[in-house]
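Notes follow the structure.
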Protein chains: 2
Amino acid sequence: MREQSSTRRVADKFRKRIADQEWAPGYRMPSRGELAQEYGVTEAVIRRAQEALIVEGLLEGRVGSGTYVAEPRERVRVVRSPERERTSGSAFEADMAALGKRATWESRSDAMVPAPADIAARLGIPEGDYCVRTTYEYLANDKPVQLSTSWEPYSITAGSLVVMPEAGPLAGEGVVRRMAEVGIKVTRAAERPEPGHADAEEANLLGIQKGALVTRIQRTYYSDDGRAVETADIVVPTALCEIVYDVSFGS
Amino acid sequence: MREQSSTRRVADKFRKRIADQEWAPGYRMPSRGELAQEYGVTEAVIRRAQEALIVEGLLEGRVGSGTYVAEPRERVRVVRSPERERTSGSAFEADMAALGKRATWESRSDAMVPAPADIAARLGIPEGDYCVRTTYEYLANDKPVQLSTSWEPYSITAGSLVVMPEAGPLAGEGVVRRMAEVGIKVTRAAERPEPGHADAEEANLLGIQKGALVTRIQRTYYSDDGRAVETADIVVPTALCEIVYDVSFGS
DNA sequence: TCGAATTTGTGCGTATGTATC
DNA sequence: GGATACATACGCACAAATTCG
């Protein structure tokens with residue numbers, strides 16, 4: 001049997017008290033000082049044990065207030081599939097409808113933003129070309145669950161009614177329908193999920209702990225002639241959303 | 001201007017020296033003692049700065065040897081799409097073929113493994129029912145790039161030639177073709193990617209740093225009558241693989 | 001309302017373990 | 001097998017936010 005560290009031993013005891021419901025969701029743990037005395041260790045050990053459980057999503061620290069047993073949050077299921085893209089309205093609305101939740105979002109668009117190098121590469125345009133940049137915060141029953149920043153080459157929609165994704169007659173209708181308005185047939189999307197940690201700003205916007213695990217999805221829509229027409233960075237917090245890719249194939 | 005921590009300041013200097021190629025890939029950094037003296041900080045600060053860059057994949061620590069500038073590894077592109085499932089052979093083979101790499105794998109199957117609770121739930125069978133469990137290590141040009149553990153209810157393939165996924169006439173042909181052999185039509189897969197960190201064992205098998213970011217994919221195949229026929233946990237290290245979901249839709 | 005006490009978060013330092021050369 | 005170098009665990013001080021009289 002291997003010797004275990006104090007930190008881990010304490011963390012395991014915390015886990016047990018939580019699993020046994022001795023400490024129920026919402027319960028405020030005793031302070032570090034009290035716990036240190038109770039377990040016969042220093043406050044730093046208590047701190048690190050809590051930290052481990054915070055990363056696991058079992059605890060939640062609130063500065064100046066205390067460390068609480070996390071309420072088990074219902075995770076929102078986000079389905080990505082070709083079918084979702086064919087429906088009217090946004091994919092997010094379809095997801096929330098399936099869960100019986102109200103889908104809303106806040107957005108802010110800026111036209112004429114020069115494309116940074118990485119975005120330009122993804123869109124296949126020269127660096128510095130103007131883009132319409134839109135940032136989104138998606139809400140399920142008024143609680144934030146996802147963030148997104150989308151980029152479209154300005155040249156594609158310039159002068160049309162759909163320059164701004166969230167204004168005009170097709171606001172909120174999704175890229176496919178909006179692009180159809182300017183004669184572009186969007187037929188394909190590529191999604192590249194990558195793991196990461198929430199920075200302070202993202203944690204704030206999403207109401208999650210800083211450093212919590214997130215999936216960052218680089219999504220790019222392509223027209224039938226193979227040109228990229230929109231690309232987006234989507235932040236999906238693991239604590240709040242479950243991502244499901246549906247891969248259907250006939251025989 | 002905000003005051004920055006010593007650790008971050010040092011980390012930024014390291015980044016610059018790497019970006020400027022003053023420290024090229026493969027270069028062994030001076031020891032912590034030397035660096036501490038050079039930058040006028042303690043060894044702990046150096047350690048933490050290196051740690052940050054290790055997480056980012058820029059540095060690589062080798063115990064007893066030194067800390068090295070990581071060789072920029074070519075990432076293997078893993079495409080998930082309905083088309084991939086229709087091709088003969090495994091999806092992994094198709095991915096590697098597209099990159100001009102040699103796809104091989106090592107596997108180990110155990111029949112008659114009682115299903116743990118979570119696997120049973122995913123397969124829709126009672127806990128403790130027998131399963132065939134297969135663990136895989138996938139190699140591209142002989143270097144490990146992915147891990148996987150797959151579970152199939154024993155009852156489905158018992159007595160047939162395809163009980164063991166990697167033995168018999170259809171070894172390595174993938175779930176779809178093997179199930180066809182016992183009269184089951186597999187028409188759908190659901191993939192649930194989640195972010196995580198590599199534990200010590202995974203890091204060893206994959207030749208990556210412990211704690212490095214990985215995507216864990218829970219994949220489940222369903223037959224045309226909606227029953228789950230196989231489920232797998234796939235570990236995809238970010239440092240080695242890029243995951244692309246192809247979502248195609250006609251109009 | 002305000003300020004002092006309380007409580008968590010961050011950064012840094014030290015000691016020791018362990019693998020490599 | 002000793003010296004070297006990275007990894008881990010632990011401890012301390014202080015900053016930041018909240019709470020409450």
Side-chain angles (χ1 to χ4, degrees), chain A residues 1-12 14 23 26-55 57-70 197-201 203-204 207-212, chain B residues 2-14 23 27-55 58-70 197-201 203-204 207-212:
Chain A
M1 195 63 185
R2 258 189 64 186
E3 181 81 23
Q4 293 231 339
S5 69
S6 301
T7 299
R8 178 142 181 203
R9 214 170 36 240
V10 172
D12 286 340
F14 287 171
W23 290 347
Y27 173 76
R28 201 199 83 148
M29 293 175 71
S31 72
R32 292 209 294 243
E34 296 176 84
L35 289 169
Q37 194 155 19
E38 180 181 342
Y39 286 99
V41 296
T42 64
E43 290 192 23
V45 170
I46 299 295
R47 167 81 188 110
R48 290 196 178 96
Q50 290 177 330
E51 213 160 43
L53 274 70
I54 286 173
V55 169
L58 287 174
L59 291 179
E60 192 184 321
R62 299 180 206 157
V63 292
S65 174
T67 303
Y68 298 75
V69 177
H197 293 279
D199 63 31
E201 189 188 337
N204 247 331
I208 58 175
Q209 296 279 297
K210 177 180 165 188
Chain B
R2 258 187 65 186
E3 180 81 24
Q4 293 231 340
S5 68
S6 301
T7 300
R8 177 140 181 204
R9 215 169 36 240
V10 171
D12 286 340
K13 301 212 178 187
F14 287 171
W23 290 346
Y27 173 77
R28 203 200 83 152
M29 292 175 71
S31 72
R32 291 215 275 264
E34 296 176 82
L35 289 169
Q37 194 156 17
E38 180 181 342
Y39 286 98
V41 295
T42 64
E43 291 191 24
V45 170
I46 301 293
R47 167 79 188 112
R48 290 192 178 100
Q50 291 177 329
E51 211 160 43
L53 273 69
I54 287 174
V55 169
L58 288 174
L59 291 179
E60 194 183 320
R62 298 181 207 159
V63 292
S65 173
T67 303
Y68 298 76
V69 177
H197 294 277
D199 62 31
E201 189 189 337
N204 247 330
I208 58 175
Q209 296 279 299
K210 178 180 164 187

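Residue numbers start from 1 in every chain, and the chains themselves are labelled A, B, ... in the order their sequence lines are given, proteins ahead of strands. Computed from heavy atoms alone, side chains included, the values below leave out hydrogens, waters and symmetry copies.
Judged by distance alone, with hydrogens and angles left aside, A:R47 brings no side-chain donor or acceptor close enough to the base of D:dG11 to form a pair under 3.5 Å. For A:R32 against C:dG9, a side-chain-to-base donor-acceptor contact under 3.5 Å is present.
We find that CD1 of B:I54 is positioned 16 Å from P of D:dA5, with the value rounded to whole Å. Rounded to an integer number of Å, the gap from B:R8 CZ to C:dC12 C1' is 17 Å. In this structure, CD of A:E34 is placed 14 Å from C1' of C:dA5, rounded to the nearest angstrom. To the nearest angstrom, P of D:dA7 lies 8 Å from CD of B:Q50. Between the CD atom of B:E43 and the C1' atom of D:dT4 there is a distance of 11 Å, rounded to whole Å. Look at CZ on A:R28: it is 14 Å from P on D:dT18, rounded to the nearest Å. C:dT10 atom P lies 15 Å from atom CD of B:E51, rounded to whole Å. Atom NZ of B:K210 and atom P of C:dT18 are 13 Å apart (whole Å).
Remark on DNA chain D: of its neighbouring residues B:S31 and A:Y68, the 5'-side contact belongs to B:S31, judged by nearest-heavy-atom nucleotide. Where A:S65 and A:T7 each meet DNA chain D at their nearest nucleotide, the meeting point lying more 5' is that of A:T7. Each of A:E60 and B:S6 was matched to the nucleotide of DNA chain C holding its nearest heavy atom; the match closer to the 5' end belongs to A:E60.
Note that CG of B:L59 is 11.5 Å distant from OH of B:Y27, once rounded to the nearest 0.5 Å.
Closest heavy-atom contact between A:A70 and A:G57: CB-O, 3.4 Å. Taking both residues in full, the closest heavy atoms of A:A203 and A:A198 are given as N-CB, 4.4 Å, listed atom of the first, atom of the second, then distance.
Dense packing is recorded around CZ of B:R62, with more than 12 heavy atoms of other residues, nucleotides or ligands lying under 6.0 Å away.
Not one side-chain nitrogen or oxygen of A:T42 sits closer than 4.0 Å to the OP1 or OP2 atom of D:dC12.
Closest to the A:Q209 side chain, of the nucleotides D:dG11, C:dG9, C:dT8, is C:dG9. Minimum atom distance to the side chain of A:V63 is reached by D:dA17, of the listed D:dA17, C:dT7, D:dA7. The A:R48 side chain lies nearest to D:dC10 when the options are D:dC10, C:dT8, C:dG13.
In this structure, A:R62 reaches the sugar-phosphate backbone alone: every heavy-atom distance under 4.0 Å involves primed, P, OP1 or OP2 atoms, never a base.
The aromatic rings of A:F14 and A:W23 lie tilted to each other, with the angle between the two planes from 30° to 60°.
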